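This report concerns only the one structure given below.
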There are 2 protein chains.
Amino acid sequence: MHIGEAAARSGVAAKTIRYYESVGLLAKANRTPNGYRDYSDADVDTLRFVSRARSLGFSVHQVGELLDLYRDRKRCSSDVKAIAVARIADLDRKVAEMQAMRTTLHQLADCCSGDDRPDCPILVDLAQPDSQSLVAASISARSR
Amino acid sequence: MHIGEAAARSGVAAKTIRYYESVGLLAKANRTPNGYRDYSDADVDTLRFVSRARSLGFSVHQVGELLDLYRDRKRCSSDVKAIAVARIADLDRKVAEMQAMRTTLHQLADCCSGDDRPDCPILVDLAQPDSQSLVAASISARSR
DNA sequence: ATAGGCGTTCCACTCGATGGAAGGTCAAGG
DNA sequence: CCTTGACCTTCCATCGAGTGGAACGCCTAT
């Protein structure tokens, strides 16, 4: 099948499929005599695998590792689990960081009347010297 | 003061200060006769403001808006609060998305023995047709 | 005079695509 | 036979937010 159909079946945009090939995530596709890329059902499966793994937030590089493991009949499940566990830890770190931002921002927003007067504690805090600033305090708390 | 000192005092890398100037977030710096950028204490304050806002996850563009509001004596606090509230909503969306990924990944990892046998439910699920896949189910749940 | 530590500009690279230009291929319809 | 439109191809540029490095200038101390 041509790239458009593979794209429709896998849910990966044709442009993205070419991109994955160009960066070596996918092997170079077979070509029909006219130079069009030619995909098999197995290729569509691979594309779906890639799309699923990307949707779990694995980087293209990590997806490459998972694909290698998937194709390696002799790999051990601990290798795969290690990648998944590292990704979970990564997610936990990012979630914690974003929640810290959220908390700080929420505190600032709570102090802000949000009316048409010009006094705004959010801006005041951002402009504060470190010792007075809620934001500065939350940044230094993050690094402790 | 020269850019190195402004960088040290504000915590923003010299390279990044030049970058901010190049994209118009900061006004073009004054120059000493030899062509070096010359910064005042007020410039360092601005740099710190920018750094704080960036650490809260505001984009460079949003920081520009906040700076404009900061400099506008007549702005109303509701304008600032609107930006902050939008940012909080943005954070909430991203946190929820990451937690959904985490949950799915954790379920997969829990099923995986993590030993040296080759059977790995993580890879099996990623390669599954939609109707059987935990990942596919969680993706479609996200869009509902 | 030269070594070093600053500063300057400019260009390339990162990641994960995406947009668009310019052109080739193919089937259907007039 | 010609055109139209839907595909396909390659290549280059763009996004955000910087970072790395080259090649050069300036200034001070030894």
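Everything quoted here is computed from the prediction, not taken from an experiment. Note: hydrogens, waters and symmetry copies are ignored here, and every other heavy atom, side chains too, is used.
With rounding to the nearest 0.5 angstrom, the CG atom of A:Asp90 is 13.0 Å from the CD1 atom of A:Ile83. Taken to the nearest 0.5 Å, the CD atom of B:Glu97 stands 9.0 Å off from the CE atom of A:Met98.
The distance between atom CG of B:Leu25 and atom C1' of D:dG16, rounded to the nearest whole Å, is 13 Å.
Between B:Asn34 and D:dG25 there is no side-chain polar atom (N or O) within less than 4.0 angstrom of OP1 or OP2.
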key: Sequence-aligned protein contact record of nucleotides 1-17 of chain C, with B where the base is within under 4.0 Å of a protein heavy atom and S where only the sugar-phosphate is   = -----BSBB------BB
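Applying the ring-ring contact (aromatic ring centres under 6.0 Å, His included) test to A:His2 and every residue at least two apart in sequence or in another chain returns A:Tyr36.
With A:Phe49 as the partner, the ring pair (Phe, Tyr, Trp, His ring centres under 6.0 Å) test is satisfied by one option alone out of A:Tyr20, A:Phe58, A:Tyr70: A:Tyr70.
Note on B:Arg9 versus B:Asp41: salt bridge recorded, some NZ/NE/NH1/NH2 to OD/OE distance being below 4.0 Å.
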